[in-house]
Amino acid sequence: IGGSESFAIQADVYYHIETVSTNGGAVPGAQGLASTNFDWNNIMSTGALAAIFAANVATNDTPEWWLAAHGLSGDPNEQALADVDGDGHPAWAEYKAGTDPTDSVSVLLIEGVDLSSPVGPILTWSSAEDRSYTLQFSTNLLAGYVDLDTGVIAVPPLNTYTALVEDAVRFFRIGVE
């Protein structure tokens, strides 16, 4: 009783300390650091020390670990903005879409439109886990697009959606939320 303990808190590579708390109370000064030492003084009973870690993120909330996992090294912000595979999408957009930033054929696009359904065209696209999509359509590209549906949950590896639109001429596009 009344003793002290020292703790070394170390985040893994590409992570930082989000919070440190003792018995539910926040310990000031550790947030955002890769490592810290904490001295718990005047211990009077058993207690709890908790450290929560969070991923380091670059431009547009692109996790640094994700960039590294795809072989993108150097300044994380520059890498998040780079289009290393030349497909027209920067790495941060590839992260958001769940595509591979080093593979030019790995892109988010509507892969098929089946016009045989009497209800409406059936759209298909490759999807990624933990994503949701917005489908839009237009009958006149100069007039812009309107939302057909939002919050369409991914069902990997392939999503299918029946577009209930009656216009004879339709243009569709997909976005990740």
Side-chain angles (χ1 to χ4, degrees), residues 10-18 31-35 52-177:
Q10 175 72 49
D12 203 354
V13 177
Y14 311 117
Y15 288 81
H16 63 273
I17 300 167
E18 183 71 18
Q31 186 174 12
L33 300 176
S35 65
I52 298 175
F53 303 93
N56 296 340
V57 293
T59 300
N60 295 313
D61 294 326
T62 311
E64 290 180 7
W65 63 262
W66 184 86
L67 294 167
H70 287 88
L72 305 178
S73 60
D75 180 279
N77 292 315
E78 289 178 11
Q79 293 303 316
L81 294 171
D83 178 16
V84 298
D85 61 4
D87 65 1
H89 302 283
W92 70 264
E94 302 247 22
Y95 168 72
K96 187 174 178 182
T99 57
D100 184 341
T102 63
D103 181 354
S104 63
V105 297
S106 176
V107 294
L108 174 63
L109 56 83
I110 295 174
E111 296 176 4
V113 179
D114 180 352
L115 300 175
S116 65
S117 171
V119 181
I122 300 170
L123 312 174
T124 56
W125 68 93
S126 294
S127 58
E129 288 185 33
D130 301 322
R131 305 292 192 281
S132 60
Y133 302 94
T134 296
L135 292 164
Q136 297 180 318
F137 84 102
S138 177
T139 57
N140 177 348
L141 293 177
L142 296 176
Y145 284 84
V146 295
D147 288 349
L148 178 62
D149 203 350
T150 61
V152 178
I153 303 298
V155 185
L158 192 67
N159 267 48
T160 302
Y161 183 91
T162 302
L164 304 176
V165 292
E166 297 178 9
D167 301 300
V169 176
R170 299 166 217 113
F171 302 94
F172 296 98
R173 73 178 179 187
I174 187 169
V176 65
E177 296 175 359

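We count residues from 1, following the sequence as given. It should be emphasised that the depicted structure is a prediction, and the values quoted were computed from it without experimental measurement.
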Check your understanding: Using the ring of each side chain (for Trp, its six-membered ring), is Phe172 parallel, tilted or perpendicular to Phe137, with breaks at 30° and 60°?
Key -> tilted
Tightest non-hydrogen contact, residues Pro156 and Ala128, listed as CG-C, 3.7 Å
In short, Ser106 meets Asp87 closest at the heavy-atom pair O-OD2, 3.7 Å
Rounded to the nearest 0.5 angstrom, the CD-CG distance for Gln10 and Leu33 is 10.5 Å
Interatomic distance, CG@Leu115 vs CZ@Arg170, rounded to 0.5 Å, equals 7.0 Å
When rounded to the nearest 0.5 Å, the distance separating OG1 of Thr99 from CG of Asp85 is 7.5 Å
- Side chains of Asp12 and Trp65: closer than 4.5 Å at any heavy-atom pair? no
(Q) Do Val84 and His70 make a side-chain contact, defined as non-hydrogen atoms from C-beta onward lying under 4.5 Å apart? (A) no
All heavy atoms of Thr162 vs all of Gly120, minimum pair found to be CG2-O, 3.9 Å
* For residues His89 and Leu108, determine if any side-chain heavy atom of one lies less than 4.5 Å from a side-chain heavy atom of the other. => no
Between Phe171 and Thr139 the two heavy atoms that sit nearest each other are CE1-O, 4.0 Å
Would the distance check show the side chain of Thr160 and the main-chain N or O of Thr124 forming a donor-acceptor pair, the cut-off being under 3.5 Å?
no
Do Ile17 and Phe53 touch side chain to side chain, with heavy atoms closer than 4.5 Å? yes
#### Entry: pair Tyr14-Trp66: side-chain heavy atoms closer than 4.5 Å
no
For this session: Taking His16 for its side chain and Ala54 for its backbone only, find out whether a donor-acceptor pair lies under 3.5 Å.
Result: yes
Give the table of side-chain donor-acceptor pairs shorter than 3.5 Å for residues 71-78, with sequence neighbours excluded, one pair per line with atom names and distance.
from	atom 1	to	atom 2	distance (Å)
Asp75	OD1	Asn77	N	2.9
Asp75	OD1	Glu78	N	2.8
Asn77	OD1	Thr59	N	2.9
Asn77	OD1	Thr59	OG1	3.1

Apply side chain to side chain donor-acceptor pair (under 3.5 Å) to Ser126 and Glu111, showing your working.
CA-CA 7 Å; Ser126 294; Glu111 296 176 4; 2.4 Å; yes
message: Within the 3.5 Å criterion, strictly below it, is a donor on Asn60 or Thr62 matched to an acceptor on the partner's side chain?
response: no
Would you say that Leu164 contacts Val119 through its side chain, given a criterion of any heavy-atom pair below 4.5 Å between the two side chains?
yes
Q: Give a yes or no answer on whether the side chain of Asn159 reaches the backbone of Trp125 with a donor-acceptor pair at less than 3.5 Å.
A: no
When rounded to the nearest 0.5 Å, the distance separating OG of Ser127 from CD1 of Ile153 is 10.5 Å
ask   = So with a 6.0 Å cut-off around CD of Glu177, is the heavy-atom count from everything else above 12?
value = yes
Does any non-hydrogen side-chain atom of Gln136 lie less than 4.5 Å from one of Leu148? no
Shortest non-hydrogen pair, Trp92 vs Leu81, comes out as CD1-CD2, 4.1 Å
Note: Leu67 and Ala58 closest approach over all heavy atoms is CD1-CB, 4.2 Å
